[in-house]
Amino acid sequence: MRPILLQGHTRPLTQIKYNTDGDLLLTAGKDKSCNVWFSANGERLGTYDGHNGVIWSLDPSYDSKHLITGSGDYSSILWDLETGRNLEKIECNSPVRSVGFSYSAREFFLATDAMGAHDSEIMLFDSRDRDQMTNKKPWQTITMPKGTSKMDDSNLGSQSPF
């Protein structure tokens with residue numbers, strides 16, 4: 001196996017993930033962009049543009065139909081992974097540090113940093129209910145105790161009932 005040099009970001013990377021099949025590689029960076037690459041040869045297939053700050057986290061759904069990104073611009077975006085279309089932008093009260101899908105991709109979470117008067121939160125959304133995303137009304141919110149460390153990475157494991 002030979003190394004592949006990916007040239008598409010102008011600033012440092014913050015996260016790299018393969019999709020479940022391993023044929024796509026997704027990268028997020030401090031340059032406000034998220035890219036998708038063909039993993040076999042490093043060909044860049046596209047860029048997801050829509051954030052105005054560093055993209056801290058990304059997660060492709062298990063079936064590779066959707067992608068979710070979390071950014072320092074206080075937002076998270078749900079994307080159509082194939083077309084790059086922005087399906088929904090969720091505005092938050094602080095930077096979104098971590099995002100992830102459940103195994104079924106029916107649910108996803110956003111984890112935010114504490115910022116000013118706003119505590120760090122983990123918000124759980126049902127992707128089938130657009131009203132939750134449009135109105136930023138997750139079906140469950142977990143507020144982290146003040147003074148706790150910020151969340152850098154997390155995932156919904158296989159024990160999740162969703």
Side-chain angles (χ1 to χ4, degrees), residues 1-116 118 120-125 127 130 133-134 136 138 144 148-157:
M1 174 184 254
R2 65 178 181 83
I4 297 173
L5 178 63
L6 304 176
Q7 295 181 337
H9 287 277
T10 58
R11 306 241 359 249
L13 297 179
T14 56
Q15 192 165 36
I16 302 170
K17 277 194 178 179
Y18 281 101
N19 70 335
T20 305
D21 295 333
D23 60 335
L24 301 176
L25 184 66
L26 296 119
T27 58
K30 290 186 174 183
D31 58 1
K32 305 186 286 189
S33 70
C34 177
N35 293 317
V36 60
W37 313 81
F38 187 52
S39 64
N41 62 9
E43 174 188 357
R44 184 165 57 174
L45 302 174
T47 301
Y48 301 89
D49 292 320
H51 284 293
N52 292 315
V54 57
I55 299 175
W56 289 118
S57 184
L58 61 85
D59 194 38
S61 62
Y62 183 78
D63 58 6
S64 296
K65 289 184 179 179
H66 296 105
L67 171 69
I68 189 158
T69 55
S71 174
D73 68 0
Y74 296 35
S75 74
S76 179
I77 299 178
L78 179 66
W79 307 90
D80 181 303
L81 196 144
E82 184 179 349
T83 66
R85 189 167 63 96
N86 176 333
L87 300 175
E88 197 69 54
K89 186 170 188 173
I90 302 167
E91 300 289 342
C92 298
N93 295 322
S94 60
V96 179
R97 182 62 67 164
S98 185
V99 296
F101 280 104
S102 66
Y103 179 78
S104 68
R106 290 188 297 237
E107 279 80 22
F108 65 89
F109 74 89
L110 314 176
T112 63
D113 282 344
M115 180 70 67
H118 299 285
S120 179
E121 295 179 317
I122 300 170
M123 294 175 276
L124 301 164
F125 291 88
S127 64
R130 296 279 186 210
M133 293 175 272
T134 303
K136 203 191 122 196
M144 305 301 286
T148 58
S149 298
K150 65 182 172 185
M151 181 179 297
D152 285 331
D153 193 25
S154 56
N155 59 25
L156 290 173

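The basis for the numbers below is simple: all heavy atoms, side chains too, and nothing from hydrogens, waters or symmetry mates. Because the structure is predicted, anything quoted here is derived from the model rather than measured.
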side-chain hydrogen bond (donor to acceptor under 3.5 Å, both in side chains) involving Thr134 - partner list, sequence neighbours excluded: Glu88
All pairs passing ring pair (Phe, Tyr, Trp, His ring centres under 6.0 Å) where residues 60-97 contributes a residue, at least two apart: Tyr48-Trp79, Tyr62-Tyr103
Selection residues 66-84 - residue pairs positive for salt bridge (charged side-chain N to carboxylate O under 4.0 Å, His left out), sequence neighbours left out: none
Point-to-point distance, once rounded to the nearest 0.5 Å, from SG of Cys92 to CE of Met123: 4.0 Å
Pairs meeting criterion salt bridge (charged side-chain N to carboxylate O under 4.0 Å, His left out) with involvement of residues 54-64, two or more places apart: Lys17-Asp59
Listed once per pair and sorted, the salt bridge (charged side-chain N to carboxylate O under 4.0 Å, His left out) pairs that draw on residues 18-37, sequence neighbours left out: none
All pairs passing salt bridge (charged side-chain N to carboxylate O under 4.0 Å, His left out) where residues 34-49 contributes a residue, at least two apart: none
Separation of Leu58 CG from Thr27 OG1 (nearest 0.5 Å): 7.5 Å
Gap separating the OG atom of Ser98 from the CG atom of Asp113, nearest 0.5 angstrom: 10.0 Å
Rounded distance [0.5 Å steps], CD1 in Ile68 versus CG in Leu78: 5.5 Å
Pairwise distance OG1(Thr69) to CG(Leu110) - rounded to 0.5 angstrom: 10.0 Å
Interatomic distance, Ile55 atom CD1 to Ile77 atom CD1 [nearest 0.5 angstrom]: 7.5 Å
Pairs satisfying ring pair (Phe, Tyr, Trp, His ring centres under 6.0 Å), at least one member in residues 15-42, at least two apart: none
side-chain hydrogen bond (donor to acceptor under 3.5 Å, both in side chains) partners of Thr20, counting only residues at least two apart: none
Donor + acceptor pair across side chains of Thr112, His118 (<3.5 Å): no
Name of the residue among Phe101, Phe108, Phe109 meeting ring pair (Phe, Tyr, Trp, His ring centres under 6.0 Å) with Phe125: Phe108
Test side chain to side chain contact (heavy atoms under 4.5 Å, CB included) applied to Glu91 - qualifying residues, sequence neighbours left out: Ser75, Lys89
